[in-house]
Amino acid sequence: MALQLIKLFVAATTTTEVAPDVARFFYITTAETAEGATLTIDAASFLQDDGSQATQLPALATNNSYFNVYINGVLQMEGISTYTPGATGVGSLSITVPTGSGSIPSNTPVVLEIVQFAPSSNTTVTT
């Protein structure tokens, strides 16, 4: 009998699902924030999607999440806001109003949107 190469036959299939988890937080400004000033909103000042008081802002998963800030319904540039996760007194959103852009008037809605992804994979190996 001639020599033969014996190989294993293995097939693998991987299915990956990425499920976004979206949280939104709402705030109405109580005073005008002038150009060059910073508006800092504590975690407890936000309302959640269901209308209840927020108690903390969630931590952002590294390389698997992001946040958006909307002022009066308009998406803002990333560089003007700083997000700090945590409970009341620690967690906050700070928005620095750029000089020359105008102020943020009193009674302006601010929406903080946090998107986190929860990927899961399932691999099936057949021989």
Side-chain angles (χ1 to χ4, degrees):
M1 177 155 109
L3 295 176
Q4 295 181 358
L5 178 62
I6 307 295
K7 298 189 283 182
L8 291 176
F9 176 74
V10 178
T13 304
T14 300
T15 304
T16 301
E17 294 184 18
V18 179
D21 179 22
V22 180
R24 286 178 289 275
F25 299 90
F26 303 88
Y27 175 77
I28 303 294
T29 61
T30 57
E32 179 178 1
T33 305
E35 294 179 20
T38 299
L39 169 63
T40 300
I41 308 166
D42 184 72
S45 296
F46 283 102
L47 295 177
Q48 299 181 88
D49 250 346
D50 63 2
S52 65
Q53 190 82 28
T55 56
Q56 72 175 45
L57 297 174
L60 298 176
T62 304
N63 298 324
N64 226 8
S65 61
Y66 63 90
F67 72 94
N68 288 320
V69 176
Y70 298 84
I71 298 175
N72 204 24
V74 179
L75 180 62
Q76 300 301 304
M77 296 176 146
E78 180 180 3
I80 69 166
S81 58
T82 302
Y83 176 79
T84 305
T88 303
V90 175
S92 66
L93 175 68
S94 295
I95 302 166
T96 301
V97 181
T99 302
S101 67
S103 63
I104 300 174
S106 179
N107 296 314
T108 299
V110 176
V111 179
L112 169 62
E113 176 185 54
I114 298 171
V115 180
Q116 303 211 52
F117 296 98
S120 63
S121 294
N122 184 20
T123 301
T124 303
V125 179
T126 56
T127 56

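Note that the structure is a prediction, hence the values are computed from the model and not measured.
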Do you know which two heavy atoms are closest between [X] and [Y], and how far apart they sit?
X      : Y      : answer
Gly102 : Val97  : O-CG1, 3.1 Å
Glu32  : Ser103 : OE2-OG, 2.6 Å
Leu57  : Leu93  : CD1-N, 4.4 Å
Gly86  : Ala43  : O-CB, 3.8 Å
Asp50  : Ser52  : OD1-OG, 2.6 Å
Ala59  : Pro85  : CA-CB, 3.6 Å

When you measure from the side chain of [X] to the backbone of [Y], do you find a donor-acceptor pair of N or O atoms at a distance under 3.5 Å?
X     : Y      : value
Thr29 : Pro105 : yes
Gln76 : Val74  : yes
Glu35 : Gly100 : yes
Gln56 : Gly91  : no

Practice task
Working to the nearest 0.5 Å, report the span between CZ of Arg24 and CG of Asn68.
Solution key: 11.0 Å

Exercise for the section: Drop me the distance from Leu39's CG to Ser92's OG, to the nearest 0.5 angstrom. Expected result: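 Leu39 atom CG to Ser92 atom OG measures 10.0 Å (nearest 0.5 Å).
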
Grouping I, L, V, M, F, W and Y whenever their side-chain heavy atoms are under 4.5 Å apart, do [X] and [Y] come out in a common cluster?
X      : Y      : answer
Leu8   : Leu5   : no
Leu75  : Phe26  : yes
Val115 : Leu60  : no
Ile80  : Ile104 : yes
Tyr70  : Met77  : no

Exercise for the section: State which residue, out of Thr82, Thr38, Thr40, Thr84, fulfils the side-chain hydrogen bond (donor to acceptor under 3.5 Å, both in side chains) condition with Ser94. Expected result: Thr40

Practice task
Test side-chain contact (heavy atoms from CB on, under 4.5 Å) on Ile71 and Thr108 and set out the steps.
Solution key: CA-CA 7 Å; Ile71 298 175; Thr108 299; 3.8 Å; yes

Exercise for the section: Could you check if a side-chain atom of Val110 sits within less than 4.5 angstrom of a side-chain atom of Phe25, using non-hydrogen atoms only? Expected result: no

Practice task
Determine whether Thr33 and Ile95 make a side-chain contact, defined as any pair of heavy atoms from C-beta on separated by less than 4.5 Å.
Solution key: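 Answer no - side chains too far apart.
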
Exercise for the section: Start with the C-alpha distance between Tyr83 and Leu112, add both sets of side-chain angles, then the distance that settles side-chain contact (heavy atoms from CB on, under 4.5 Å), and finish with yes or no. Expected result: CA-CA 9 Å; Tyr83 176 79; Leu112 169 62; 3.7 Å; yes

Problem - Whether Tyr66 and Phe117 hold their rings parallel, tilted or perpendicular, with breakpoints at 30° and 60° - result: tilted

